[in-house]
Amino acid sequence: MPQILLTNATLACIDGAAGYGLRENAALLVDAGRIAWIGSTRDCPVSAASTDASGVEVYDCGGKLVTPGLIDCHSHLVYGGDRADEFEMRLEGASYAEIAESGGGIISTVNATRAASLEQLFEQALPRARQLMSEGLTTLEIKSGYGLDSANEIKMLRAAAMIERELGLRVVKTFLGAHALPPEYAGRSDDYIELVCNEMLPAAHAEGLVDAVDVFIESIAFSVEQGERVFATAQQLGLPIKAHVEQLSDLGGAVMAANHGALSVDHIEYLQAEDVVTLANNHCVAVLLPGAFYVLREQQLPPLSALREQGVDIAIASDSNPGSSPLHSLLLTMNMACTLFRMTPAEALRGVTLNAARALGLEQQIGSLEPGKVADLVIWDVDRPAMLSYRIGINPCVAVMQAGHWRESVKQAVA
Ligand code: NIG
Ligand code: FE
């Protein structure tokens with residue numbers, strides 16, 4: 001693998017406590033798939049003149065912005081069917097919870113996912129993943145949770161693994177067996193949680209398909225106590241945990257999850273400001289999902305001031321799914337985080353890079369431009385980072401490097 005040197009770059013390193021960690025007229029050297037050195041173009045360890053002889057590939061970025069590869073730390077990208085009909089129903093006044101309670105919502109996607117083959121799930125998810133990748137995505141978390149039995153949860157996680165192999169994208173696979181109560185367990189939610197703990201999760205884990213375990217704690221899903229049981233099983237298996245909590249009401253799931261050492265608590269619109277300290281004390285990342293907030297026309301804003309005051313790391317993600325967030329753009333997610341939640345463009349970029357890496361427990365490897373980290377990076381045809389959050393519907397991504405390799409489709413743009 002040749003060394004690669006980027007020169008004349010505007011680097012958003014995302015390496016300090018806040019802000020972009022901006023370095024202008026900067027250079028970055030990639031060696032063996034990792035970032036080997038960062039400095040000013042003038043101080044390059046290999047001079048451009050000597051590069052042909054030394055075999056270093058040099059790319060002059062011409063002042064373009066370079067950021068870490070984008071990370072989507074919360075998605076439900078693998079599923080069967082769609083829920084466009086429910087979109088229409090909601091526009092006519094039905095609520096997300098009402099649709100779920102009448103057997104639609106997540107359960108309608110469960111039916112379509114169970115009916116789909118592994119190949120169909122994989123084929124249907126591919127264009128969604130490619131769309132996210134076209135905007136500089138290098139790491140994608142994908143949850144199960146539309147199978148709700150061992151065979152179908154495993155089928156979903158296998159489809160996620162196939163996407164990783166096919167696209168050369170880093171995929172983090174999260175088991176979300178406790179996403180909704182399957183119809184065959186109606187009225188027996190404790191029995192279903194027992195199945196999740198005793199059979200489904202151990203089976204998926206035994207196949208090497210589980211990187212983390214998630215639960216949905218909500219009145220239309222599972223209780224705090226049931227979530228706690230799933231976490232106990234996950235932790236016995238040595239797996240990190242995270243949770244969908246306080247999306248539609250405040251049940252206390254975020255505090256419970258943070259106290260159990262969860263990597264992240266996700267959604268949290270209904271989290272009380274006084275409970276935010278528990279997140280801070282446990283270094284639990286707050287993952288905000290503006291796509292679901294927007295699509296469900298929510299009014300309750302997440303407690304952003306308290307999160308900032310307590311120094312909680314804030315990530316943002318697409319929550320890409322067929323119901324609450326049919327969203328396939330991290331750039332639009334960033335814009336929504338700013339416009340809807342009043343996050344700053346710097347917070348938004350940190351939210352899809354370093355803080356998203358933290359929400360996946362991967363911050364030692366990815367999420368910032370620092371020597372020693374994996375060389376996942378994006379070159380953008382903009383001169384400063386706020387442009388990424390500010391514009392809507394323009395994709396300025398010109399080149400993506402994943403683990404030191406250019407993606408062929410975009411390499412020409414910068415060469
Ligand atoms: O993150 N909140 C629960 N789960 C998903 C929605 C899944 C669906 O509606 O299909 C979410 O919003
Ligand atoms: Fe979700």
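The figures here come from the full heavy-atom set of this structure, side chains too, leaving out hydrogens, waters and symmetry mates. Computed from a predicted model, the values in this text were never measured in an experiment. Just follow the structure's listing: the first ligand is 1, and inside any ligand the first atom is 1.
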Charged N to carboxylate O under 4.0 angstrom, [X] versus [Y]?
X      : Y      : answer
Arg114 : Glu184 : yes
Asp376 : Arg170 : yes
Glu141 : Lys143 : yes
Glu194 : Arg229 : no

- [ ] Check whether any heavy atom of His179 sits under 4.0 Å from an atom of ligand 1.
- [x] yes
Open item on the list: Which of the numbered atoms in ligand 1 are under 4.0 angstrom from any heavy atom belonging to His74?
Closed with: 1 (O)
Task: For Tyr146, the ligand 1 atoms whose distance to one of its heavy atoms is below 4.0 Å - done: 7 (C), 8 (C), 10 (O)
Open item on the list: With no hydrogens and no angle check, just 3.5 Å: does a side-chain donor-acceptor pair link Asp15 and Ser368?
Closed with: no
TODO: Would you mind checking which non-hydrogen protein atom is closest to atom 12 (O) of ligand 1, with the distance to 0.1 Å?
DONE: Ser324 OG, 2.5 Å
Open item on the list: Return the closest protein heavy atom for atom 2 (N) of ligand 1 as residue, atom name and distance.
Closed with: Gln247 OE1, 2.7 Å
Open item on the list: Parallel, tilted or perpendicular: which one describes the rings of Trp406 and Tyr59, with boundaries at 30° and 60°?
Closed with: perpendicular
TODO: Would you please classify the geometry between the His76 ring and the His244 ring as parallel, tilted or perpendicular, with 30° and 60° separating the classes?
DONE: tilted
Task: Donor-acceptor under 3.5 Å (Arg128 side chain, Leu77 main chain) - done: yes
Task: Within-2.8 Å protein N/O/S contacts of the Fe ion (ligand 2) - done: His74 NE2, His76 NE2, His244 NE2, Asp319 OD1
Open item on the list: Nearest non-hydrogen contact with atom 5 (C) of ligand 1 belongs to which option: His76, Arg83, Glu218?
Closed with: His76
Open item on the list: For atom 6 (C) of ligand 1, which of the options Tyr79, Tyr96, Phe216 provides the nearest non-hydrogen atom?
Closed with: Tyr96
Task: Criterion salt bridge (Lys or Arg N to Asp or Glu O under 4.0 Å) against Arg158, the qualifying member of Glu207, Glu164, Glu119 - done: Glu207
Task: Check: Thr109 N/O within less than 3.5 Å of ligand 1 N/O - done: no
